[in-house]
Amino acid sequence: MNTLKKILINCVVVVFLAAVAASIYVNLYGKALLEQELSRSLQKQVRLESVAYQFPFGVRAGNVRIGPDFSAGEVLAQFAPASLLAEPRRIKQVVVNGGTYSYVGGGENPLRFRVEDIHLEAGDILIPLSSVHTNFKFFGRLAQEKNPLSGSRVESSGWVDWAKKDMEGALQVVDPGGHAGLTAQAVSKNNDMTVTGDLKMTSLPSVAQSTDATAVNELISGVLSAAGVEIGARFSFKTKMDDLQISNIAFSGKVIAGGGFEKMFSGKPAASE
């Protein structure tokens, strides 16, 4: 029994000393080293306002910015203990809280959207970047802007290999009523990505400029919604995995009329309330 106690005490002491050493190392060198290594691996400028030790073998970075389009209030990362002494270092888990991603396309009237309140979880990442399947899942919310899906919830999951630039992922945008207004699948091989999906709308967005046009838009939207009419479009486009460009989109459309549509145009009198 005494031997067992000694072993347990020694294990606790070793873990404690390792935690203290890791904390000191992170506080002294962590911020500069992480910024340099992440910038090199992601090929984008990475800025960390603060870096602190996270028990048992992790770091917590505050106010993170990656390039011009992504920021996060907090990023937590836990490393595999055996990888701390030699490269590549293996991150067992990454959690991103309070993330924001902004996209602005090219052209005279560029596509714009912003995803806020991003929560992302990913695991098994090697730094410097090496080939490995990294599973991920995240959710967020489309900011309230002038597009038909504003305020909807964004959900995605899949895997990515950053070194080979391979990826398979699925995404859906769900409105407050639980209707999936957009679904998409992305597949990348050697950085060549193909995105396919469906856009389904049961009403029209009120994005007209004049008051009269807005009134007409709302009237048509209300009629279509009451009639159960779903306007859908299949879409696809190609881009680079490390340089997302949503352009040259091919569409094929469809209109599906629900039961309300048949009642409106069947000639049968509406049931009295």
Side-chain angles (χ1 to χ4, degrees), residues 8 10-102 114-141 154-167 169 241-242 244:
L8 290 175
N10 289 334
C11 289
V12 171
V13 171
V14 169
V15 171
F16 175 76
L17 292 177
V20 171
S23 178
I24 295 173
Y25 183 83
V26 168
N27 290 333
L28 291 178
Y29 307 108
K31 182 175 181 294
L33 288 176
L34 280 175
E35 285 182 339
Q36 179 181 353
E37 192 59 55
L38 290 174
S39 297
R40 180 165 66 94
S41 297
L42 298 176
Q43 297 181 345
K44 291 184 178 181
Q45 187 179 52
V46 176
R47 287 289 177 261
L48 314 174
E49 184 175 294
S50 63
V51 173
Y53 167 72
Q54 187 79 12
F55 183 84
F57 300 105
V59 295
R60 176 194 176 277
N63 293 329
V64 178
R65 177 165 292 277
I66 302 176
D69 47 22
F70 182 82
S71 63
E74 177 185 70
V75 177
L76 305 173
Q78 285 291 337
F79 290 82
S83 70
L84 294 176
L85 301 177
E87 294 186 347
R89 293 178 174 85
R90 182 180 296 272
I91 300 178
K92 296 168 55 178
Q93 184 185 41
V94 172
V95 178
V96 176
N97 293 313
T100 299
Y101 172 75
S102 300
R114 188 169 75 255
V115 184
E116 300 177 335
D117 301 330
I118 294 174
H119 175 85
L120 180 147
E121 296 180 11
D124 211 14
I125 302 171
L126 299 178
I127 297 178
L129 287 181
S130 301
S131 180
V132 65
H133 276 210
T134 300
N135 294 320
F136 69 87
K137 60 180 179 179
F138 82 84
F139 60 82
R141 178 181 55 82
V154 181
E155 303 172 349
S156 181
S157 61
W159 65 266
V160 61
D161 186 329
W162 286 108
K164 291 184 175 180
K165 292 185 171 55
D166 295 345
M167 173 186 175
M241 182 181 133
D242 61 359
L244 179 65

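Bear in mind that the values here come from a model prediction, so they are computed numbers and not experimental data.
- Residue pairs that meet the salt bridge (Lys or Arg N to Asp or Glu O under 4.0 Å) test with at least one member in residues 90-102, sequence neighbours left out, are Arg90-Asp124.
- Taken to the nearest 0.5 Å, the CG atom of Asp242 stands 12.5 Å off from the CE atom of Met167.
- When all heavy atoms of Phe70 and Val96 are compared, the closest pair comes out as CZ-CG1, 4.1 Å.
- Residue pairs meeting the side chain to side chain donor-acceptor pair (under 3.5 Å) criterion with at least one member in residues 62-80, sequence neighbours excluded: Glu49-Asn63, Arg60-Glu74, Glu74-Asn97.
- Residues satisfying the salt bridge (Lys or Arg N to Asp or Glu O under 4.0 Å) test with Asp117, not counting sequence neighbours, are Arg141.
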Query raised in the report: Passes side-chain contact (heavy atoms from CB on, under 4.5 Å), Leu48 versus Glu35? Steps please.
Result: CA-CA 7 Å; Leu48 314 174; Glu35 285 182 339; 3.8 Å; yes
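- Partners of Asn135 according to the side-chain hydrogen bond (donor to acceptor under 3.5 Å, both in side chains) rule, which considers only residues two or more places apart in sequence or in another chain, do not exist here.
- Nearest approach of Val95 to Glu121, heavy atoms of both residues: CG2-CG, 4.3 Å.
- The stretch residues 156-167 participates, sequence neighbours left out, in these side chain to side chain donor-acceptor pair (under 3.5 Å) pairs: Ser131-Asp161.
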Query - Residues Phe79, Val59; criterion side-chain contact (heavy atoms from CB on, under 4.5 Å); working and verdict - result: CA-CA 8 Å; Phe79 290 82; Val59 295; 4.2 Å; yes
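- Counting only heavy atoms from C-beta outward, the side chains of Lys44 and Ser39 never approach each other to under 4.5 Å.
- Partners of Gln93 under the side-chain hydrogen bond (donor to acceptor under 3.5 Å, both in side chains) rule, at least two apart in sequence or in another chain, do not exist in this structure.
- Listed by chain and number, the residues in a side chain to side chain contact (heavy atoms under 4.5 Å, CB included) with Pro81 are Phe57 (sequence neighbours excluded).
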Query raised in the report: Given Val154 and Phe139, is the side-chain contact (heavy atoms from CB on, under 4.5 Å) satisfied, shown in steps?
Result: CA-CA 5 Å; Val154 181; Phe139 60 82; over 6 Å; no
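- For the side chain to side chain contact (heavy atoms under 4.5 Å, CB included) test, residues two or more places apart in sequence or in another chain that qualify with Thr134 are Ala122, Ile125, Val132, Val160.
- Applying the side chain to side chain contact (heavy atoms under 4.5 Å, CB included) criterion to Ser130, with sequence neighbours excluded, gives Pro88, Leu126.
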